[in-house]
Undergrad: 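Let me give you the structure first, and then I'll get to my questions.
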Amino acid sequence: MRDVLFMGNILASVTHEMQNVMAIIKESGALADDILKLNGPPRMRHGDKLDNSLVNIQQQVERGRTLMLMLNGFAHAAADYPESGDLARFARQICIPAQRLAHLKECSLVPSLDGPPLVVRGNALTLMESAYAGIAAVLEGCQAGDTLHVSAAPPQAGEQGPVLRIRAEKSLAEPEQQAVAPIMTGLGGSCRAGMGFLELRYVTAPAQGEATP
């Protein structure tokens, strides 16, 4: 665990500095854009392309900032949330890099994870790992053009904890569970698969001061 915390500290420090780099690039691009708007396009060959180039810079800076914020949260996860974490929050964070998995399959990933906190047992890194493995498992059976929906729901009466649902719109393949099942077992939870979907069931964390059964 000590090496994980060390790695997290280094990542947190570097990503913080990279956010500063992104901020400087954004401000410099905005200044250049303001100057162009005040003075008009420079009289040079292809000067009219500068506007589009500056727009692209701003878009990529925003994309980079989103990735850096996710990576910074990832770096802090082990130390800040060693025993429990908000399932919705960390599933939402891991959906950012999981977008690349979907892109490689020419699919779309649509998270719906903006509800209230769902605090469950487990280190935050492991929670993110379980969600990522679940998304990868469902994607494996998808064809190009499919859309995955990721959502979380609180437990119903008699259930041990919240559920993370990963559902494909078109796929009828039942996801393999070899990668995600051991992770869920380690968290004290379970998983259930069906045609084009996977449900990951977690265990609600005891309230602060409450004894763990």
Undergrad: Should Glu159 and Arg201 count as an ion pair when the cut-off is N to O under 4.0 Å?
TA: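 Yes, charged N to carboxylate O under 4.0 Å.
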Undergrad: Please report the shortest heavy-atom distance between Gly194 and Pro175, naming the atom on each side.
TA: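 Closest pair (atom of Gly194, atom of Pro175, distance): O-CD, 3.2 Å.
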Undergrad: When you measure from the side chain of Ser130 to the backbone N and O of Leu127, does any donor-acceptor pair fall under 3.5 Å?
TA: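 Side chain of Ser130 to backbone of Leu127: a pair is present.
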Undergrad: For Arg167, is there an ion pair with Glu199 - N to carboxylate O distance below 4.0 angstrom?
TA: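 No, no charged N to carboxylate O under 4.0 Å.
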Undergrad: Considering non-hydrogen atoms only, spot the tightest contact between Cys95 and Ile135 and give its length.
TA: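 Minimum heavy-atom separation between Cys95 and Ile135: SG-CD1, 4.0 Å.
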Undergrad: Is there a side-chain contact between Val180 and Leu200 in this structure, where contact means two heavy atoms from C-beta onward sitting under 4.5 Å apart?
TA: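 In contact.
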Undergrad: Between Leu113 and Ala152, what is the shortest heavy-atom contact and its length?
TA: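 Answer, listing the atom of Leu113 first, then Ala152: CD2-N, 3.6 Å.
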Undergrad: Quiz question: by atom type and distance under 3.5 Å, do the side chains of Ser190 and Tyr202 form a donor-acceptor pair?
TA: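 Absent: no donor and acceptor within the cut-off.
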Undergrad: Should Glu62 and Lys26 count as side-chain neighbours, where that means a heavy-atom distance under 4.5 Å?
TA: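 Side chain of Glu62 against side chain of Lys26, heavy atoms only: contact under 4.5 Å found.
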Undergrad: side-chain contact (heavy atoms from CB on, under 4.5 Å), that's the test. Do Arg89 and Gln93 meet it? Break it down for me.
TA: CA-CA 6 Å; Arg89 171 185 175 178; Gln93 286 189 6; 3.5 Å; yes
Undergrad: Kindly say whether Ser171 contributes a backbone atom to a donor-acceptor pair with the side chain of Asp146 at under 3.5 angstrom?
TA: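 Yes; judged by distance alone, with no hydrogens or angles, the pair exists.
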Undergrad: Quick one: does any side-chain atom of Glu83 pair with a main-chain N or O of Gly122 as donor and acceptor, under 3.5 Å?
TA: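 Judged by distance alone, no pair lies under 3.5 Å.
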Undergrad: Shared ILVMFWY cluster between Val203 and Leu125, side chains joined below 4.5 angstrom?
TA: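 In one cluster: no.
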Undergrad: Measure the shortest side-chain to side-chain distance between Asn72 and Leu69 over non-hydrogen atoms and say whether it is less than 4.5 angstrom.
TA: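 The answer is no, as the side chains (C-beta and beyond) never meet within the 4.5 Å cut-off.
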Undergrad: Would you check if the side chain of Asp33 reaches a backbone N or O of Gly29 as a donor-acceptor pair within less than 3.5 Å?
TA: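 Side chain of Asp33 to backbone of Gly29, a donor-acceptor pair under 3.5 Å: no, none is there.
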Undergrad: Which heavy atom of Asp86 sits nearest a heavy atom of Pro117, and at what distance?
TA: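 So the minimum-distance heavy-atom pair works out to OD1-CA, 3.4 Å.
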Undergrad: Only one of Val120, Val150, Leu118 clears side chain to side chain contact (heavy atoms under 4.5 Å, CB included) with Leu164; which?
TA: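 Exactly one candidate clears the test, Val150.
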Undergrad: Hey, is the main chain of Cys142 close enough, under 3.5 Å, to the side chain of Lys105 for a donor-acceptor pair?
TA: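 Yes.
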Undergrad: Compare every heavy atom of Cys191 with every heavy atom of Gln177, then report the nearest pair and how far apart it is.
TA: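 Closest heavy-atom pair between Gln177 and Cys191: OE1-SG, 3.0 Å.
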Undergrad: Identify the heavy atoms of Phe197 and Arg192 that sit nearest to each other, and give their distance.
TA: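 Heavy atoms only, the tightest pair is CZ-NH1, 3.7 Å.
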